[in-house]
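Shown next, in structure tokens, is the structure this report addresses.
Chain letters run A, B, ... following the sequence lines, proteins first and then strands; every chain starts at 1. Just so it is clear, the values below take in all heavy atoms, side chains as well, and ignore hydrogens, waters and symmetry mates.
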2 protein chains.
Amino acid sequence: MASRTKHPPFAVTVDAVVLTIRAQRLHALVVTRGGEPFQGQLALPGGFVHVDEDLDTAARRELVEETGISVRGSHIEQLGSYGRPDRDPRMRTVSVAYLAVVPDLPEAVGGDDAADAHWHPVTWLLARRGRLAFDHRDILRDGLERARSKLEYSAIGTSFCPPTFTIAQLRQVYEVVWGVKLDAGNFHRKVTGVRGFVEPTGKKATPEVGRPAELFRRGKNNSLHPALTRTSLS
Amino acid sequence: MASRTKHPPFAVTVDAVVLTIRAQRLHALVVTRGGEPFQGQLALPGGFVHVDEDLDTAARRELVEETGISVRGSHIEQLGSYGRPDRDPRMRTVSVAYLAVVPDLPEAVGGDDAADAHWHPVTWLLARRGRLAFDHRDILRDGLERARSKLEYSAIGTSFCPPTFTIAQLRQVYEVVWGVKLDAGNFHRKVTGVRGFVEPTGKKATPEVGRPAELFRRGKNNSLHPALTRTSLS
DNA sequence: CCAAAAGTGTTCTTACTACACCCATGG
DNA sequence: CCATGGGTGTAGTAAGAACACTTTTGG
């Protein structure tokens with residue numbers, strides 16, 4: 001890092017792509033903007049980083065403040081930074097984007113000063129330009145792609161599930177996020193065969209219909225070997 | 001992104017992990033810092049982003065200015081952002097880090113105002129704390145890990161090679177970066193079998209000794225299916 | 001009994017491993 | 001001829017795909 005050049009001042013923000021599965025569809029969390037610019041439009045939850053605050057901390061704080069969602073125990077990771085000079089009409093801004101994955105929460109959305117936060121299907125949010133403020137459509141697209149690819153080789157899929165879950169629930173995560181149908185038998189064998197991916201709890205789910213499924217919790221391993229492949233399983 | 005909070009001013013920099021292979025070892029590009037802080041210490045090449053400049057553009061510009069290296073045609077991608085509040089003693093700074101991979105250049109290092117830029121073995125640079133300024137050791141570590149994992153499923157390995165190369169050269173990239181020995185025969189079959197990874201040129205290399213190898217150039221595909229796996233090959 | 005979903009068995013096929021072996025060149 | 005690395009053949013094995021089949025519940 002050179003120190004010879006004078007440095008222009010930037011604003012630094014964090015924005016989060018928060019994904020969950022509701023009603024068999026992948027949803028993302030968005031807020032309605034209260035002020036200019038892009039007033040009234042949808043945007044990813046986020047805000048300015050404080051002076052003495054770490055980037056990760058800022059992402060978690062903004063999420064709680066704007067949407068009431070705490071990602072304690074859930075998955076959160078940095079997605080990338082977005083700094084096109086014209087991305088914010090007010091000033092030069094760089095946004096550090098995060099990806100978070102949470103279970104389907106019982107509508108616990110709407111935090112302290114969250115005017116309103118809503119879940120919307122990702123496909124709908126991405127459908128046309130201008131639906132999201134700033135470059136948030138690009139960020140959402142990248143977050144979706146990150147989640148899709150990380151399903152292959154990491155245990156991120158379990159973050160969509162409650163603390164204990166059935167293999168069928170986990171399979172549905174893969175089916176919804178990848179948009180494919182998977183063979184139930186092969187999927188069961190696969191995920192229970194990868195060491196440290198899921199651990200049996202000994203308990204059983206009590207379904208409306210059909211044989212009760214065994215309940216699992218997420219395992220210690222976050223990386224899957226061998227990976228599940230998006231192209232192969234069905 | 002909320003606009004209700006006042007935003008503190010940040011400095012935004014770009015820093016680059018530039019990797020190449022020299023003398024059978026993985027090397028990274030570093031500069032010696034001319035000014036405070038960390039004067040005289042080694043650092044990754046980088047500098048402040050200009051007011052009207054895209055982040056990617058800034059990374060490329062700083063690389064040319066500080067080291068004389070142009071990544072035209074080479075691989076460059078964003079690695080992540082580093083913004084610990086105490087990472088720069090002068091002011092609050094966020095650095096957007098990039099990973100670049102270049103062929104072994106004929107010592108073309110040392111640009112306009114590059115006091116001096118040097119290649120050093122990555123293992124040596126990472127060996128102990130304090131060898132690199134700021135949090136550049138963390139960034140270098142992350143860049144190395146990114147390169148290692150991307151060898152598996154992307155064609156990034158060809159970026160270490162000149163425009164045309166033999167399969168043995170490409171194999172050496174994998175061996176050096178992963179720190180393993182690979183079976184020459186299986187590797188050859190594998191990489192020539194993945195569609196769009198490498199394309200034959202019809203020409204032959206003229207080695208000191210042994211049978212001349214066919215020369216290839218990189219193919220169109222940047223993603224490898226099926227992937228090479230770090231654990232399997234050998 | 002039937003319906004429905006969970007989970008297992010079985011066969012086919014693909015792709016990686018190990019390693020033997022032949023090929024093309026220089027000396 | 002030999003040495004050296006380039007490249008292919010081949011047999012064994014691991015793992016995914018497809019799909020039949022059994023298990024366990026509720027009604």
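A heavy atom closer than 4.0 Å to some atom of DNA chain C occurs in A:V209, A:G210, these being the qualifying members of residues 203-210 of chain A.
Each of A:A227 and B:T192 lies near DNA chain D, and the nucleotide nearest B:T192 is the one positioned closer to the 5' end.
In this structure, A:N186 places its CG atom 13 Å from P of C:dG9, rounding to the nearest Å. Remark: P of C:dA24 and CD1 of B:I167 are 17 Å apart, rounded to the nearest angstrom. Across the protein-nucleic acid pair, B:L224 atom CG and C:dA15 atom C1' stand 14 Å apart, rounded to whole Å. Nucleotide D:dG16 holds its P atom 12 Å from the OH atom of A:Y174, rounded to whole Å. Rounded to an integer number of Å, the gap from CZ of A:F187 to P of C:dG9 is 19 Å. As a whole-Å value, the separation of A:L228 CG from D:dA15 P is 13 Å. For the pair A:H225 NE2 and C:dC16 C1', the interatomic distance rounds to 16 Å; values are reported in whole Å.
In the set C:dT10, C:dA6, D:dG6, C:dA6 carries the atom at the smallest distance from any side-chain atom of A:A213. Here the nucleotide nearest the side chain of B:P226, chosen from C:dC16, D:dG16, D:dG6, is C:dC16.
Looking at A:R211, its side chain comes within 3.5 Å of the base of C:dA6 through a donor and an acceptor atom.
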Assess whether salt bridge (Lys or Arg N to Asp or Glu O under 4.0 Å) is satisfied between B:R87 and B:D135, documenting all intermediate values.
CA-CA 6 Å; B:R87 67 181 298 278; B:D135 49 7; 2.8 Å; yes

Decide side chain to side chain donor-acceptor pair (under 3.5 Å) for B:R171 and B:T166; before the verdict, give the C-alpha distance in whole Å, the side-chain angles of both, and the deciding distance to 0.1 Å.
CA-CA 9 Å; B:R171 173 164 46 86; B:T166 68; over 6 Å; no

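For A:R189, no side-chain nitrogen or oxygen approaches OP1 or OP2 of C:dG9 to under 4.0 Å. For the pair A:H188 and C:dA6, the criterion of a side-chain N or O lying under 4.0 Å from OP1 or OP2 is not met. The side chain of B:K190 places no N or O atom within less than 4.0 Å of a non-bridging phosphate oxygen (OP1 or OP2) of C:dA15.
When each of A:D15, A:D142, A:T13 is checked for a side-chain hydrogen bond (donor to acceptor under 3.5 Å, both in side chains) with A:Y82, only A:D142 meets the rule.
No contact: B:A184 has no heavy atom under 4.0 Å from any strand.
Remark: the A:S81 side chain and the B:S81 side chain contain an N/O donor-acceptor pair separated by less than 3.5 Å.
Put simply, the side chain of B:T158 never gets that close to the backbone of B:R218: no donor and acceptor are under 3.5 Å apart.
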